[in-house]
J.: 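Pasting a structure below so you can have a look.
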Amino acid sequence: MPDELSPLPVRCDLSDDESGYGFLLRSSKANGISLDRLMELAGVRSRTWLRLKDIETLAFLTTTAPDALSCRTRQRSVSGGRRVFAFLGFEWMGVEAFRVRSLQVCPDCLKERERCPAVWELTGYCVCVRHHRLLIDRCGRCQRQLGWSRPATDICRCKHYLARTA
């Protein structure tokens with residue numbers, strides 16, 4: 001970890017069910033920077049699969065426990081000549097289990113809590129059990145796929161709030 005790094009001034013708590021990426025987005029917003037800038041400060045080369053070194057640096061910057069952040073962040077490694085995927089404390093058979101390129105969210109959950117549960121990153125999880133509705137993976141205004149490069153957990157890159165306005 002570079003000596004010139006210091007923790008971000010505003011500390012956010014990591015929720016029990018929260019996605020690591022969602023937590024990092026929330027922390028960066030609370031500190032007035034983008035997630036892209038936070039990743040740049042940490043020296044992250046690939047946001048798709050964080051390395052252990054990346055997770056440790058991001059945990060330092062956000063003053064959270066590296067183990068907690070690591071468990072909630074998708075990881076890829078090689079063991080015995082085969083790729084191993086880890087997430088939420090489990091080993092997964094393949095990358096197909098994860099929503100790597102785009103996200104899915106429940107607008108109602110984001111409106112209520114502004115948190116992204118880690119299970120939203122799994123391809124087999126497509127319905128919000130709390131609100132009994134399908135998760136969305138596109139902005140209702142611009143129709144672009146949702147990704148982590150957005151201003152806040154509940155706002156699209158086009159600055160449109162993802163929550164329903166009923």
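All residue numbers refer to positions in the sequence shown, counting from 1.
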J.: Between Trp92 and Phe98, how do the two ring planes meet: parallel, tilted or perpendicular, split at 30° and 60°?
T.: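 Aromatic pair Trp92/Phe98 classed perpendicular.
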J.: What donor-acceptor contacts under 3.5 angstrom involve side-chain atoms of residues 63-71, with partners at least two apart or in another chain?
T.:
unit_1	atom_1	unit_2	atom_2	d
Thr63	OG1	Arg11	NE	3.3
Ser70	OG	Gln75	NE2	2.7

J.: For Arg150 versus Thr153, what's the shortest heavy-atom pair and its separation?
T.: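 So the minimum-distance heavy-atom pair works out to NH2-O, 2.8 Å.
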J.: Could you report the tightest heavy-atom contact between Cys158 and Arg141, atom names first, then the distance?
T.: O-NH1, 3.8 Å
J.: Looking at Lys111 and Asp108, is any side-chain nitrogen of the basic one under 4.0 Å from a carboxylate oxygen of the acidic one?
T.: no
J.: Please step through side chain to side chain contact (heavy atoms under 4.5 Å, CB included) for the pair Leu58 and Thr73, ending with a clear verdict.
T.: CA-CA 11 Å; Leu58 290 163; Thr73 308; over 6 Å; no
J.: Would you say Gln104's side chain and Asp137's backbone share a donor-acceptor pair under 3.5 angstrom?
T.: no
J.: Measuring from atom CZ of Arg115 to atom SG of Cys106, what distance do you get when rounded to the nearest 0.5 angstrom?
T.: 15.0 Å
J.: Would you give the length of the straight line joining atom CD of Glu114 to atom SG of Cys12, rounded to the nearest 0.5 angstrom?
T.: 10.5 Å
J.: Applying a strict under-4.5 Å side-chain criterion to I, L, V, M, F, W and Y, I'd like to know whether Val129 and Val105 cluster together.
T.: yes
J.: Can you see which heavy atom on Val84 is nearest to which on Ser79, and at what distance?
T.: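 Minimum heavy-atom separation between Val84 and Ser79: CG2-CB, 3.6 Å.
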J.: What's the spacing between Leu41 CG and Ile33 CD1 if we round to 0.5 Å?
T.: 5.5 Å
J.: For Glu91, which of Arg76, Arg83, Arg82 qualifies under salt bridge (charged side-chain N to carboxylate O under 4.0 Å, His left out)?
T.: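 Passing option: Arg82.
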J.: Compare all side-chain heavy atoms of Pro107 with those of Arg133 and state whether any distance is below 4.5 angstrom.
T.: yes
J.: May I ask you to decide if Gln143's main-chain N or O and Arg138's side chain share a donor-acceptor pair within less than 3.5 Å?
T.: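 Yes, the answer is positive, given that a donor and an acceptor are paired below the 3.5 Å cut-off.
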J.: Just to verify, what does Asn31 make a side-chain hydrogen bond (donor to acceptor under 3.5 Å, both in side chains) with, not counting sequence neighbours?
T.: none
J.: If you round to the nearest 0.5 Å, how far is CE of Met39 from OG of Ser46?
T.: 9.5 Å
J.: ring-ring contact (aromatic ring centres under 6.0 Å, His included) with Tyr21: which residues, sequence neighbours excluded?
T.: Trp148
J.: Closest approach of Arg130 and Cys109, non-hydrogen atoms and distance?
T.: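 That would be CD-SG, 4.3 Å.
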J.: Hydrophobic clustering (ILVMFWY, side-chain heavy atoms < 4.5 Å, transitive) - are Val78 and Val100 grouped together?
T.: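 Different hydrophobic clusters.
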J.: What's the shortest heavy-atom distance between His160 and Cys139, and which atoms?
T.: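 Result for this residue pair: CD2-SG, 3.8 Å.
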J.: For Gln145, what residues pass the side-chain hydrogen bond (donor to acceptor under 3.5 Å, both in side chains) criterion, not counting sequence neighbours?
T.: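 Applying side-chain hydrogen bond (donor to acceptor under 3.5 Å, both in side chains) to Gln145 gives none.
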J.: About how many Å separate CH2 of Trp120 and SG of Cys126, when rounded to the nearest 0.5 Å?
T.: 13.5 Å
J.: My understanding is that only residues two or more places apart in sequence, or in another chain, count here; which of them pass side-chain hydrogen bond (donor to acceptor under 3.5 Å, both in side chains) with Arg113?
T.: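 Expected list: Asp17.
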J.: When you group the ILVMFWY residues by side-chain heavy-atom contacts below 4.5 Å and let the links chain together, are Leu52 and Phe90 in the same group?
T.: no
J.: Closer than 3.5 angstrom, by distance alone: can the side chain of Thr123 be matched with the main-chain N or O of Glu96 as a donor-acceptor pair?
T.: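 Pair found, side chain donor or acceptor close to backbone of Glu96.
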J.: Test Lys53 against Glu56 for salt bridge (Lys or Arg N to Asp or Glu O under 4.0 Å), laying out the working first.
T.: CA-CA 5 Å; Lys53 175 185 158 210; Glu56 289 171 351; over 6 Å; no
J.: Which residue pairs satisfy the ring-ring contact (aromatic ring centres under 6.0 Å, His included) criterion with at least one member in residues 66-86, sequence neighbours excluded?
T.: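 Non-adjacent pairs meeting ring-ring contact (aromatic ring centres under 6.0 Å, His included): Trp49-Phe85.
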J.: Report the C-alpha separation of Lys29 and Leu25 in whole Å, then their side-chain angles, then the decisive distance to 0.1 Å, and conclude whether the side chain to side chain contact (heavy atoms under 4.5 Å, CB included) test is met.
T.: CA-CA 6 Å; Lys29 179 193 176 222; Leu25 176 58; 5.5 Å; no
J.: Using 0.5 Å steps for rounding, measure from the CZ atom of Phe87 to the CD atom of Glu121.
T.: 4.0 Å
J.: Go through the steps for Leu135 and Cys128 under the test side chain to side chain contact (heavy atoms under 4.5 Å, CB included), then give the verdict.
T.: CA-CA 6 Å; Leu135 300 177; Cys128 175; 3.9 Å; yes
J.: List the atom of Tyr125, the atom of Val127, and the distance in Å for their closest heavy-atom pair.
T.: CE2-O, 3.5 Å
J.: Do Leu8 and Leu38 have side chains that approach each other closer than 4.5 Å (heavy atoms only, starting at C-beta)?
T.: yes
J.: Could you go through Leu110 and Cys116, starting from their C-alpha distance and side-chain angles, then the distance that decides it, and tell me whether this counts as side chain to side chain contact (heavy atoms under 4.5 Å, CB included)?
T.: CA-CA 7 Å; Leu110 293 180; Cys116 297; 4.0 Å; yes
